[in-house]
Amino acid sequence: MLTITRTGPAPVPDDAVQVMVPMRDGVRLATDLYLADPPEPGPVVLVRLPYDKDGAYCFMPRIARYFRARGYHVAVQDVRGKFRSEGETEFAVHEVDDGHDTVQWITERPWCDGAVVMWGDSYFGYTTIAAAISGHPALRAIAPRLTGSQLSTVLEHGDGTRDVEQTARKVYFASHYVDADHYEWPLDWGRRPLRETFEEFFARLGGRSENFDREFDGRTPFLPPPLKALPESPPIPVLYTIGWFDNCAVWSWQDVRALADDPGWAPHLRLRLEAIDHENHRLADAPIAPHDDHTTDPAALERMLPRYLDPAIEFFDAVLDRSGDLAALPRVRYEVCHGGWRESDAWPPRESSDLEYHLSGGPVPALTAEPPERGVLEWVHDPADLVPSPGANPFAALFDRSDLRAVGDRPDVLRFTGPAVAGDTDLVGAVTLRLRLRADAGAHVHARLLDVAPDGGAFLVARGQVRLDVPMAGEDVIVDLQSVAYRLRAGHRLALDVMSSDFPDYVPEAPAGADPWTSTPGAPAVRAVELGPSRLRVGRWRPDRLRRAR
């Protein structure tokens, strides 16, 4: 029998005071206040989240105390329809207005000096962006981490391709957005159609998620504001933190590119690029041992908090003239994987790589410095035998960082491998794969950049994917692998995998006109890459369509 774990709100901590903050439509949102003693007027850090302001998952009481100890009042709020807050449980529908109204309420309290800043990860990073879109003048700065204004949506590129849907959105709606509480249950990704495992959960629960169901009627209201809403809002200082191994980084980079191209926002934009995944596990600790797991070990959490919170505090202090000089803070701080930290005035930095690799054939597909002879390499995609995703949990890619060497032996994967580097080689900048492709409309193309160790172990560096809306008969397809800052250590090799599935992190292909969630696998299909024009680039180069993607 399916086992379901339901988690409701934890008790309000003794050092917090819960108040019910009214919104413009009368709905009240439960908000914990952590006020400095004495509660004299001062700046306020606001966090708005759907994961229980008092629960263990996000350890908000510990975070609130950390901010409070550094001179900030703190307000932590359950968003509308979650845990102790009133209202309907609706993903991304009310966050702009509710963020505005909460900031307004805070500014009317005697312990607020008129300045509010917002911080948060993932969805509670998205709520910082939504509040910025509202344009409230008291919101002085935001520090969103591992998130973006288009969180969980499928990005359309406008060149005959779009991103491939992540399965995480449907999972999220069937766990966090059923009702006010949270649900955990074992997903069976081996079932077809994919929707069946969710239907078993709903039947066992005796209830449903409207957020999940409305995904299938083509009229879902559960979408964030369009990307243009952010650049069109009044600019304020913003510090984006992006994880090199974060499965939500695609939405972070979408925002950052849009803001960097906007003359009003660009001067206010700062970046922190870290070797972390979505759950804030570090590459330096991967795979994560029990004593380094901040989700279960209190000592590990204490060690994590300074690197987790201090960058935002430094930023907020400078914005509010409490300490430091905002103009002196670097525009970009980035961590080179297996290297150290660096600073730059832009991303990609001036010292970014200028590397180009050609996809070559021969007995073993290779990445080469010189253009190869013209040729074609084919692979057969079988929707009934999908290429497995790199790990057990897409949000915790570094927890069990998987060795992908065996994936390269599959007949449905083209693995191109470069030569061993003689010395440490840093790959820094945007990563873009240009494929001259032959494939039908509806085909998926997944690409993974790999670090291959001398012992043959292959580990993920970056990934990208596109779905073709039109057939390709020798046209170029751009696969955006976002950006990297990665040290390829002496003796290691760079490799590239090209394939048509990455499951269960991404939905599989469906037969023409079918929904991948409600259909069964279609027939195998042949795909082909033309060698010669196909190439991988690392550096400052960015295709025009990425600049236009708004």
Worked verdict on L155 versus L227 for side chain to side chain contact (heavy atoms under 4.5 Å, CB included): CA-CA 10 Å; L155 302 178; L227 177 61; over 6 Å; no

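- Under the 3.5 Å distance criterion, the side-chain polar atoms of S252 are left unmatched by any main-chain donor or acceptor of T241.
- Looking only at side-chain heavy atoms (C-beta outward), F212 and F201 stay at 4.5 Å or farther from each other.
- Residues L450 and L460 form a side-chain contact, since some pair of their non-hydrogen atoms from C-beta on lies under 4.5 Å apart.
- Using a cut-off of 4.0 Å between Lys/Arg side-chain N and Asp/Glu carboxylate O, R303 and D297 are scored as not salt-bridged.
- Annotation: side chain of P504 is not in contact with side chain of L194 (no heavy-atom distance under 4.5 Å).
- Under a 4.0 Å N-O distance rule, the pair E165/R467 does not qualify as a salt bridge.
- Counting only heavy atoms from C-beta outward, the side chains of F91 and T220 never approach each other to under 4.5 Å.
- If you take CG on D255 and OG1 on T147, they are separated by 8.0 Å, rounding to the nearest 0.5 Å.
- For the atom pair E274 CD and C337 SG, the distance stands at 10.5 Å (nearest 0.5 Å).
- Within the 4.5 Å cutoff, the side chain of K53 has no heavy atoms near those of the F83 side chain.
- Put simply, CG on D403 and CG on D455 are 7.5 Å apart, with the number rounded to the nearest 0.5 Å.
- In plain terms, the two heavy atoms of L146 and D277 that are nearest each other are CD1-O, 3.8 Å.
- In this structure, the ring of Y357 has its center no less than 6.0 angstrom from the ring center of F416.
- The closest donor-acceptor contact from the side chain of T128 to the backbone of W119 lies at 3.5 Å or more, if one exists at all.
- V461 pairs in a side-chain contact (heavy atoms from CB on, under 4.5 Å) with only one of the listed residues (L488, L449, V431, L496), which is L449.
- Annotation for R191: atom CZ counts as buried by contact number, over 12 foreign heavy atoms lying within 6.0 Å.
- For R415, the salt bridge (charged side-chain N to carboxylate O under 4.0 Å, His left out) criterion is met by D497, not counting sequence neighbours.
- The backbone N or O of L377 lies less than 3.5 Å from no partner atom in the side chain of E530, so there is not a single donor-acceptor pair.
- Checked by atom type and distance alone, the side chain of S501 pairs as donor or acceptor with a backbone atom of V387 at under 3.5 Å.
- The heavy-atom pair separating P225 from Q150 by the smallest distance is O-NE2, 2.8 Å.
- Between D385 and R410 there is a salt bridge, since at least one side-chain N of the basic residue sits less than 4.0 Å from a carboxylate O of the acidic one.
- Taken from CD in E200 to CG in L187, the straight-line distance is 10.0 Å, to the nearest 0.5 Å.
- Counting only distance, with no hydrogens or angles, the side chain of T432 and the backbone of R537 share no donor-acceptor pair below 3.5 Å.
- Remark: R204 CZ to Y183 OH distance equals 12.5 Å, nearest 0.5 Å.
- In this structure, H182 and Y57 have side chains that are not in contact, with every pair of non-hydrogen atoms separated by 4.5 Å or more.
- For R192 and F503, the positive end sits near the middle of the six-membered ring, less than 6.0 Å away and at most 45° from its axis.
- In plain terms, the two heavy atoms of P524 and V380 that are nearest each other are CB-CG1, 4.0 Å.
- When only modelled atom types and interatomic distance are considered, D412 and H381 share no side-chain donor-acceptor pair under 3.5 Å.
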CA sep, side-chain torsions, deciding dist, call: L205, W185, side chain to side chain contact (heavy atoms under 4.5 Å, CB included): CA-CA 10 Å; L205 182 67; W185 49 284; over 6 Å; no

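- Counting only N and O atoms by type, the side chains of W253 and S483 include no donor and acceptor under 3.5 Å apart.
- A salt bridge is absent between R487 and E335; no separation between the charged side-chain nitrogens and carboxylate oxygens falls under 4.0 Å.
- Partners of T127 under the side chain to side chain contact (heavy atoms under 4.5 Å, CB included) rule, at least two apart in sequence or in another chain, are R48, V79, E95, M118, Y123, F124.
- Contact record, N280 with H294: O-CE1, 3.6 Å, taken as the closest heavy-atom pair.
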Residues F459, H492; criterion side chain to side chain contact (heavy atoms under 4.5 Å, CB included); working and verdict: CA-CA 11 Å; F459 297 92; H492 288 233; over 6 Å; no

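- A donor-acceptor pair under 3.5 Å is formed between the side chain of W251 and the backbone N or O of T153.
- Listed for the T89 side chain is a donor-acceptor partner under 3.5 Å among the backbone atoms of G81.
- A donor-acceptor contact closer than 3.5 angstrom is absent between the side chains of Y172 and N211.
- Looking at every heavy atom in both residues, T3 comes nearest to P186 through O-CD, 3.3 Å.
- Cation-pi check for R463 over Y506 is not met; the charged atom does not lie both under 6.0 angstrom from the ring centroid and within 45 degrees of its normal.
- Between W517 and F198, the ring center distance clears the sub-6.0 Å criterion.
- Using a 4.5 Å heavy-atom cutoff, the side chains of L273 and W347 are in contact.
- A salt bridge does not link R535 to D476: none of the charged nitrogens lies less than 4.0 Å from a carboxylate oxygen.
- Taking OG of S353 as the reference point, atom CG of L427 lies at 5.5 Å (rounded to 0.5 Å).
- Sparse packing is recorded around CD of E88, with 12 or fewer heavy atoms of other residues, nucleotides or ligands lying under 6.0 Å away.
- Looking only at distances, no side-chain donor or acceptor of R434 sits under 3.5 Å from a matching main-chain atom of L536.
- Heavy atoms only, all atoms of each residue included: R438 and A473 are closest at CG-C, 4.4 Å.
- P221 has its side chain out of reach of E90: every pair of non-hydrogen atoms, C-beta onward, lies at least 4.5 Å apart.
- Side-chain atoms of S389 come within 3.5 Å of backbone N or O of D505 as a donor-acceptor pair.
- Taking the six-membered ring for Trp and the full ring otherwise, the centers of H176 and Y51 sit less than 6.0 Å from each other.
- With 3.5 Å as the limit, one finds no donor-acceptor pair spanning the side chains of T197 and D188.
- Of the candidates R448, H444, Q465, D502 forms a side chain to side chain donor-acceptor pair (under 3.5 Å) with just one, namely R448.
- With hydrogens and angles ignored, the 3.5 Å screen pairs no side-chain donor or acceptor of R80 with any backbone N or O of V93.
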